[in-house]
Participant: 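Encoded as structure tokens, here's the structure I'll be asking about.
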Amino acid sequence: MAASCVVLLALALSLLLLVAWKRWRWGRAARHVIVVVLGDVGRSPRMQYHALSLAKRGFSVTFLGFCTSKPHDELLQSDRIRIVSLTELQRLAVGPHILQYGVKVVFQAVHLLWKLMCRKPAAYIFLQNPPGLPAIAVCWFVGCLCGSKLVIDWHNYTYSIMGLVHGPGHPLVLLAKWYEKLCGRLSHLNLCVTNAMREDLAENWGIKAVTVYDKPASFFKETPLDLQHQLFMKLSRTYSAFRACSEPSDPGMERSAFTERDAQSGTVTCLPGRPALLVSSTSWTEDEDFSVLLAALEKFEQLIDDGESLPPLVCVITGKGPLKEYYSRLICQKHFQHIQVCTPWLEAEDYPLLLGSADLGVCLHRSSSGLDLPMKVVDMFGCCLPVCAVNFQCLHELVKHEENGLVFEDSEELAAQLQMLFSKFPDPAGKLNQFCKNLRESEQLRWDESWKRTVLPLITDT
């Protein structure tokens, strides 16, 4: 016991000495910001956008997170942004679940504390929540020691996501909710993704937040036909769904499942009778039920068999996550004749090109809290891609039914929407083209301009 106390005392003294040295050596850098994600940097687009917007306004940015996936090139090429890798501790293979989780949280807390204390003190620490356990407390503590102001960006609630796995009454979930509610009040500034979340934070948590809607980055736009062809040919080397059903009779032609290029003139055209391209993206977690889409695709296939004037479909579902293997097995059990489903993980630069090449997006995100919005739909709208989205509490803040897409409740309704949108495809006078036209005419605000209007004044006036 005495030895443990001595060790703790030594650690505390070392930490205090480090703080004193940091303050003497650097002081607080007014134009330096630390961005923290206890997750994969490459799969945290909103925090990447924060970092890029800060860098464009003259801040130096240190970005802490797991370096599992490649971030956007713009982030990697910025001389004002430095990415610092955090070590991700995999769950222990032995012991009760609560012990495994406890060990992971303690490791993350100590590791994050050390990484933060080894960085130059920042004016602000921008933290993504979720996951907020243990990051909120650690970032607040470092802020107290180094004089940094904590900014929490509420994307959802940590406890509500945990509740999908363990159930809302599980002790870990209740503990996470208590912790999140307590520590969330310690921040200097709070941002959130919807007005519904802002109201919930104010009414039930006593936290005042500013709504900063997700907006598409500038690289989410309609893809020119020549770039579409390049992307399809690239993907066809790995995924058969993008390969042409037959070789062109002219050896000077290059063909994908959707496009054809004349090698001599360089002209790219859409193939007559091409399949429709349906796109969805996912983290393969419990808040998205892809059996709904698969059931709708089965009904769509039956409609084709019954003689309806519908195109064959290529359905691309992008992303990584824990349930991908489970759904991949379900997909393999389907024996579609007119539909091909593939589940690639795309490079960061290819994902906007795919969205900008697609005919329709599908979103199956059901918010665990009912208060966040799917960023994938924001990106799809940036590419002028209409969306069919499953309904939940605050979806109306983003998807306007019969204006920029359609809202559905179940697989039956989704199948009916697919039938209506793809009837006589491609139909210039159809509903699908009308939605595209509405999105083009909406002149959507892009992320950086929106950030300049909403976030920048908050950190320059304090």
Side-chain angles (χ1 to χ4, degrees), residues 32-86 88 124 126-128 131 151 153 155 191 193 212-224 227-228 230-231 234-235 238 279-284 316-321 344-358 361 363 373-385 444-452 454-456:
H32 181 228
V33 176
I34 297 175
V35 177
V36 179
V37 177
L38 268 187
D40 184 5
V41 171
R43 294 164 65 193
S44 304
R46 183 174 164 105
M47 302 312 285
Q48 291 184 59
Y49 299 164
H50 275 306
L52 287 168
S53 293
L54 286 161
K56 286 178 184 176
R57 303 309 179 289
F59 289 89
S60 63
V61 180
T62 301
F63 200 141
L64 273 66
F66 305 144
C67 295
T68 309
S69 306
K70 179 177 173 284
H72 288 287
D73 280 342
E74 195 177 348
L75 196 82
L76 297 173
Q77 293 165 3
S78 173
D79 58 1
R80 290 186 173 274
I81 300 173
R82 182 189 176 201
I83 299 176
V84 176
S85 177
L86 295 176
E88 184 175 10
Y124 293 93
F126 271 64
L127 171 66
Q128 174 183 301
V151 180
D153 193 12
H155 298 191
L191 311 175
V193 295
V212 181
Y213 281 117
D214 284 324
K215 298 291 181 182
S218 58
F219 42 77
F220 283 98
K221 55 191 175 184
E222 291 183 89
T223 306
L227 293 182
Q228 288 187 34
Q230 290 177 28
L231 176 68
K234 176 182 176 180
L235 294 174
T238 309
V279 174
S280 187
S281 63
T282 177
S283 298
W284 297 108
V316 181
I317 308 171
T318 73
K320 291 180 181 177
W345 168 250
L346 298 178
E347 294 175 13
E349 283 66 47
D350 287 342
Y351 178 60
L353 295 176
L354 179 68
L355 294 189
S357 306
C363 176
L373 291 171
M375 195 164 189
K376 69 195 80 178
V377 174
V378 175
D379 297 337
M380 289 172 183
F381 284 169
C383 295
C384 297
L385 178 64
Q444 304 168 69
L445 196 63
R446 296 290 164 160
W447 168 269
D448 193 60
E449 182 60 31
S450 172
W451 190 93
K452 186 173 74 173
T454 54
V455 181
L456 185 60

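What you see is a predicted model; the values in this text were computed from it and never measured.
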Participant: Any chance you could measure Leu355, atom CG, to Ser280, atom OG, to the nearest 0.5 Å?
Facilitator: 10.0 Å

Participant: Hey, could you give me the CZ/CZ distance between Phe220 and Arg446, rounded to the nearest 0.5 Å?
Facilitator: 9.5 Å

Participant: Might you point out which heavy atoms bring Glu449 and Leu445 nearest each other, and give the distance in Å?
Facilitator: CG-CD1, 3.5 Å

Participant: Would a 4.5 Å heavy-atom cut-off, applied to side chains only, mark Pro344 and Val316 as touching?
Facilitator: yes

Participant: Which heavy atom of Thr62 sits nearest a heavy atom of His32, and at what distance?
Facilitator: OG1-NE2, 2.9 Å

Participant: Name each donor-acceptor pair under 3.5 Å that joins a side chain in residues 73-85 to protein atoms two or more places apart or in another chain, with its distance.
Facilitator:
residue, atom, partner, partner atom, Å
Asp73, OD1, Lys70, NZ, 2.6
Ser78, OG, Arg80, N, 3.2
Arg80, NH1, Gly58, O, 3.0

Participant: Are Trp451 and Lys56 close enough that some pair of their side-chain heavy atoms sits under 4.5 Å apart?
Facilitator: no

Participant: Could you walk me through whether Lys376 and Asp214 pass salt bridge (Lys or Arg N to Asp or Glu O under 4.0 Å), step by step?
Facilitator: CA-CA 10 Å; Lys376 69 195 80 178; Asp214 284 324; over 6 Å; no

Participant: State, to 0.1 Å, how close Gln228 and Gly356 come at their nearest heavy-atom pair, and which atoms those are.
Facilitator: NE2-O, 4.1 Å

Participant: Given Gln230 and Leu353, is the side-chain contact (heavy atoms from CB on, under 4.5 Å) satisfied, shown in steps?
Facilitator: CA-CA 10 Å; Gln230 290 177 28; Leu353 295 176; over 6 Å; no

Participant: Is the closest side-chain heavy-atom distance between Val455 and Ser53 below 4.5 Å?
Facilitator: no

Participant: Hey, could you give me the CD/CG distance between Gln128 and Leu191, rounded to the nearest 0.5 Å?
Facilitator: 12.0 Å

Participant: What I'd like to find out is whether the side chain of Trp284 reaches to under 4.5 Å of the side chain of Ile317, using heavy atoms alone.
Facilitator: yes

Participant: Would you say the side-chain atoms of Gln444 pair up with the backbone N or O of Lys215, donor to acceptor, closer than 3.5 Å?
Facilitator: no

Participant: Which pair of non-hydrogen atoms, one from Pro352 and one from Cys383, has the smallest distance, and what is that distance?
Facilitator: O-SG, 3.8 Å

Participant: Can you tell if the side chain of Tyr213 reaches within under 4.5 Å of the side chain of Thr454, non-hydrogen atoms only?
Facilitator: no

Participant: Would you say the side chain of Arg46 lies within less than 4.5 Å of the side chain of Val193, judging by non-hydrogen atoms?
Facilitator: yes

Participant: If you look at every heavy atom in Gln48 and Pro71, which pair is closest and at what distance?
Facilitator: OE1-CB, 3.4 Å

Participant: Could you tell me whether the side chain of Phe66 reaches within less than 4.5 Å of the side chain of Leu38, counting heavy atoms only?
Facilitator: yes

Participant: Report the relative orientation of the aromatic rings in His50 and Trp447; use parallel for angles under 30°, tilted for 30 to 60°, perpendicular for over 60°.
Facilitator: perpendicular

Participant: Would you say the side chain of Val35 lies within less than 4.5 Å of the side chain of Leu54, judging by non-hydrogen atoms?
Facilitator: yes

Participant: How close do Leu127 and Met47 get, heavy atom to heavy atom, and via which atoms?
Facilitator: C-CE, 4.0 Å

Participant: How would you list, by chain and number, every residue that makes a salt bridge (Lys or Arg N to Asp or Glu O under 4.0 Å) with Lys320, sequence neighbours excluded?
Facilitator: none

Participant: Apply side-chain contact (heavy atoms from CB on, under 4.5 Å) to Val279 and Leu354, showing your working.
Facilitator: CA-CA 8 Å; Val279 174; Leu354 179 68; 4.1 Å; yes

Participant: If we ignore angles and hydrogens, is there a donor and acceptor under 3.5 Å between the side chains of Thr318 and Tyr351?
Facilitator: no

Participant: Taking Arg43 for the side chain and Gly319 for the main chain, is one N or O donor matched with an acceptor at less than 3.5 Å?
Facilitator: no

